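What you see below is based on every heavy atom in this structure, not just the backbone, and it leaves out hydrogens, waters and symmetry mates. Letters go in sequence order (proteins before strands), and every chain restarts at 1. These numbers come from a predicted model, not from an experiment.
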Amino acid sequence: MDAKRRDVAAPLLDWYDRNRRDLPWRAKAGETPDPYRVWLSEVMLQQTTVATVRPRFSAWIARWPTFAALAAADEADVMAAWAGLGYYARARNLMAAARVIAADHGGALPDTEAALRALPGFGDYTAAAVAAIAFGRRAVVVDANVERVVARLFAIPHPLPGGRRAIRAAADTITPDRRAGDFAQAMMDLGSAICTPRRPRCLLCPIAEGCAARALGTPETFPVKKPKAARPHRHGTIFWLERDGAVLLVRRPDKGLLGGMRALPTGPWGDAPPGLAEAPAAADWRMLDDGVSHGFTHFTLDLALAVARTHHAVNIGEWWPVDRLDEAGLPTLFAKAAAVVRRMA
DNA sequence: AAGGCGTGGAT
DNA sequence: TATCCAAGCCT
């Protein structure tokens with residue numbers, strides 16, 4: 001028994017009208033959405049929780065309230081403002097898109113899914129979500145919530161990520177022509193509050209009646225996923241070089257891990273035990289007893305801390321006042337390291 | 001097309 | 001403590 005369009009969209013939208021979350025980027029019922037806010041929220045929310053995004057979104061809007069303000073912003077300020085949110089390519093793409101919008105689109109987002117998809121940082125999901133939520137276009141919006149809800153509704157057996165095609169095709173069959181933006185947000189609210197990964201609250205679900213996985217009695221086993229490889233450990237050294245109350249910071253290369261972000265200098269990362277290779281200057285380095293461990297998506301990094309003082313000039317980076325380090329916009333890994341150094345010094 | 005790319009909260 | 005997971009994108 002398939003979940004047909006009329007069986008899903010109507011009760012889900014009724015449920016949404018009664019239970020929708022009040023979120024800072026979400027237009028209230030009857031209000032016109034602000035495309036800039038919709039776009040910014042969608043980018044911030046990529047692989048990032050609502051609880052994390054909520055305060056960061058409000059601070060961002062207060063600082064850069066429009067497309068024009070963001071397009072004119074200093075890139076280093078934008079990167080620093082993104083510090084701690086992770087996946088820093090999002091901030092670089094945000095800037096790139098803001099400039100394309102200013103230069104080629106008259107300062108406003110294009111209002112079709114295809115045109116949005118061509119902008120930096122717009123993949124299938126974000127193009128569909130912005131087209132539907134900001135512009136009312138019918139679009140098939142598939143994020144991890146929708147994948148889970150749809151995989152359960154239809155009891156789709158294909159494991160992810162290969163099963164995405166089947167899931168998208170099924171999602172297409174239940175997406176309504178009208179209120180596609182509300183439908184997308186309803187699916188996400190449902191996935192967040194009811195159709196949760198571990199223990200779905202099927203008794204509260206407005207579309208449980210047509211759910212094939214519930215009929216099987218095993219909704220929590222969907223979506224099926226391929227097992228993930230174990231995360232390896234890598235080792236390295238962070239260098240804390242201090243001069244006259246300032247610490248040496250560098251800017252990481254634009255591509256790769258923590259790309260474009262301010263950082264403490266580091267040595268090479270690998271299987272080797274930590275050492276002083278690639279220290280930023282010759283100095284009387286001292287290894288601290290405590291280090292920093294930081295988990296990334298695909299590996300765990302265990303870093304030793306080497307500290308030294310100098311009176312000499314250094315031909316890389318910038319000297320940053322230690323008592324204003326929280327303004328430097330350091331990624332969390334380096335903020336952790338700074339906390340350890342200052343605790344042990 | 002499979003893997004690189006952050007972080008913090010829940011369990 | 002370890003693992004999973006999140007409103008994914010890019011190459």
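- Within the nucleic acid shown, A/Leu258 comes within 4.0 Å of sugar-phosphate atoms alone, with no base atom in reach, counting heavy atoms only.
- A close approach under 4.0 Å does occur between a side-chain nitrogen or oxygen of A/Gln47 and OP1 or OP2 of C/dG8.
- Contact between the side-chain N/O atoms of A/Thr126 and the OP1/OP2 oxygens of C/dA7 is not found at any separation under 4.0 Å.
- Set against B/dT7, C/dC5, B/dC5, the side chain of A/Lys225 has C/dC5 as its closest nucleotide.
- Comparing A/Gly191 and A/Phe122 by the nucleotide of DNA chain C that holds the closest heavy atom to each, the one mapping nearer the 5' end is A/Gly191.
- Checked for salt-bridge contact, A/Arg138 and A/Asp172 meet the test: a charged N lies under 4.0 Å from a carboxylate O.
- The side chain of A/Lys228 lies closest to C/dC5, out of C/dC5, B/dC5, C/dA7.
- If you take CZ of A/Arg168 and C1' of C/dG8, they are 15 Å apart, rounded to a whole angstrom.
- Between A/Asp124 and A/Arg168 there is no salt bridge, since none of the side-chain N atoms of the basic residue sits less than 4.0 Å from a carboxylate O of the acidic one.
- If you take CG of A/Leu303 and P of B/dG6, they are 14 Å apart, rounded to a whole angstrom.
- Ring planes of A/Phe57 and A/Trp25: perpendicular class, angle over 60° (limits at 30 and 60°).
- Between A/Arg56 atom CZ and B/dT7 atom C1' there is a gap of 11 Å when expressed in whole angstrom units.
- The listed nucleotides are C/dC10, B/dT7, C/dG8; the one nearest the side chain of A/Arg117 is C/dC10.
- In terms of modelled atom types and a separation under 3.5 Å, the side chain of A/Arg56 and the main chain of A/Met44 share no donor-acceptor contact.
- A donor atom on one side chain and an acceptor atom on the other are found under 3.5 Å apart for A/Glu242 and A/Trp240.
- Taking the charged nitrogens against the carboxylate oxygens, A/Arg99 and A/Glu75 do have a contact shorter than 4.0 Å, which makes a salt bridge.
- Judged by atom type and distance alone, A/Arg164 does not reach the base of B/dA2 through any side-chain donor-acceptor pair under 3.5 Å.
- Using a 4.0 Å heavy-atom criterion, one finds that A/Trp39 contacts no nucleic acid atom at all.
- Across all strands shown, A/Ala144 has heavy atoms under 4.0 Å from sugar-phosphate atoms exclusively, and none from any base.
- A/Leu301 comes within 4.0 angstrom of nothing in the nucleic acid, heavy atoms only.
- Rounded to whole angstrom, the span from the CD atom of A/Glu42 across to the C1' atom of C/dA6 amounts to 13 Å.
- The CH2 atom of A/Trp269 sits 13 Å away from the C1' atom of B/dG4 (whole-angstrom rounding).
- The base of B/dG3 lies outside donor-acceptor range of the side chain of A/Thr297, with no N or O pair under 3.5 Å.
- Side-chain N/O atoms of A/Tyr88 include one lying less than 4.0 angstrom from OP1 or OP2 on B/dT7.
- A salt bridge links A/Arg26 and A/Asp189; the closest N-O separation between the charged side-chain nitrogens and carboxylate oxygens is under 4.0 Å.
- Between the CZ atom of A/Arg165 and the C1' atom of B/dA1 there is a distance of 14 Å, rounded to whole Å.
- For A/Leu23, taking side-chain heavy atoms from C-beta onward, the closest of the listed nucleotides C/dG8, C/dA7, B/dT7 is C/dA7.
- Side-chain proximity of A/Tyr87 to C/dC9, B/dC5, C/dA7: nearest is B/dC5.
- Map A/Phe296 and A/Pro161 each onto its nearest nucleotide of DNA chain B; the residue landing nearer the 5' end is A/Pro161.
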Report, one pair per line, the protein and nucleotides 8-11 of chain B atoms (nitrogen or oxygen only) whose separation is under 3.5 Å.
none

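- In this structure, a donor-acceptor pair under 3.5 Å is present between the side chains of A/Glu42 and A/Tyr125.
- Between the side chains of A/Asn145 and A/Arg148, a donor-acceptor pair is found at a separation under 3.5 Å.
- Close to B/dG3, at under 4.0 Å from its OP1 or OP2, lies no side-chain N or O of A/His298.
- Candidate nucleotides C/dA7, B/dG6, C/dA6 were compared by shortest atom distance to the side chain of A/Thr48, and B/dG6 ranks first.
- For A/Arg148, a side-chain nitrogen or oxygen approaches OP1 or OP2 of C/dA6 to under 4.0 Å.
- With the nearest nucleotide of DNA chain C identified for both A/Val50 and A/Gly121, A/Val50 has the one nearer the 5' end.
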